[in-house]
Amino acid sequence: MKRYLQIIALFVMVIGIFLIGKKVGSHNTSEKLDKLFFESFISLVATDVKGKVELLELIKSGNCTKAHERIESYLDIGLADIAVYVNMRPIKPDSNVIEAISLAKKYREKYPGHRVNNVIENSVNKTLDYVKTK
């Protein structure tokens, strides 16, 4: 009987150690992932700020044609980024995403002629084709 109680106590102790380790490990992993996500996100924000300053400089210097080209390119990059969302085939599409794609598609239909970079052309087209315009 004493041997039986020792085995049960050992089993309970092992399970307890496992659960504590799992809790501590998942907490540490979660903190690391949160930090990694934040660092990636803040880098994107910094890149966006630099791009806007560049555009403002181009506009202030009267180089509106170059500023227009840059904005078109930034639009392409945004549409290519949205292609990841489009490829996921969301069950309930986000109305904000649909609205953004629709606006971009209407703009491109209204002002054709912009040539999308070959590297991201398929992603941009797939994103624009995700919505129907009237």
Under a single-linkage definition using a 4.5 Å side-chain heavy-atom cutoff for Ile, Leu, Val, Met, Phe, Trp and Tyr, are Val119 and Val116 assigned to the same hydrophobic cluster? yes

Is it true that, when you exclude Glu57 itself, more than 12 heavy atoms of the residues, nucleotides or ligands shown sit nearer than 6.0 Å to its CD? no

Residues two or more places apart in sequence or in another chain: which of them pass salt bridge (charged side-chain N to carboxylate O under 4.0 Å, His left out) with Glu72? Arg108

Straight-line distance of Asn63 CG to Glu69 CD, nearest 0.5 Å: 8.0 Å

Ala83 and Ser123: which non-hydrogen atoms are nearest, and at how many Å? CB-O, 3.6 Å

Measure the CG-OH distance between Leu79 and Tyr130 for me, rounded to the nearest 0.5 Å. 14.0 Å

Could you go through the side-chain contact (heavy atoms from CB on, under 4.5 Å) check for Ile101 and Val86 one step at a time? CA-CA 10 Å; Ile101 297 169; Val86 169; 4.3 Å; yes

Within residues 90-118 or reaching into it, pairs that qualify as ring pair (Phe, Tyr, Trp, His ring centres under 6.0 Å) - sequence neighbours excluded: Tyr107-Tyr111

Please assess Asn87 against Lys126 for the test side-chain contact (heavy atoms from CB on, under 4.5 Å), listing each intermediate value before the final yes or no. CA-CA 9 Å; Asn87 287 333; Lys126 185 167 188 159; 2.8 Å; yes

How many angstroms lie between atom SG of Cys64 and atom CD1 of Ile59, to the nearest 0.5 angstrom? 6.0 Å

Rounded to the nearest 0.5 Å, the OG1 atom of Thr127 sits from the CG atom of Asn125 at a distance of 8.5 Å

Are Met88 and Val131 co-members of a hydrophobic cluster defined by side-chain heavy atoms under 4.5 Å apart? yes

Hphob cluster co-occupancy, Ile98 + Ile82, side-chain heavy atoms under 4.5 angstrom: yes

Could you go step by step and tell me if Asn117 and Asp76 meet the side-chain contact (heavy atoms from CB on, under 4.5 Å) rule? CA-CA 8 Å; Asn117 184 315; Asp76 292 342; 5.7 Å; no

Show, in sequence, the C-alpha distance, side-chain angles and deciding distance for Asp94 and Tyr85, and conclude whether the side-chain contact (heavy atoms from CB on, under 4.5 Å) test is met. CA-CA 10 Å; Asp94 184 321; Tyr85 176 83; 3.4 Å; yes

To the nearest 0.5 Å, atom CD1 of Ile71 lies from atom CG of Leu55 at 5.0 Å

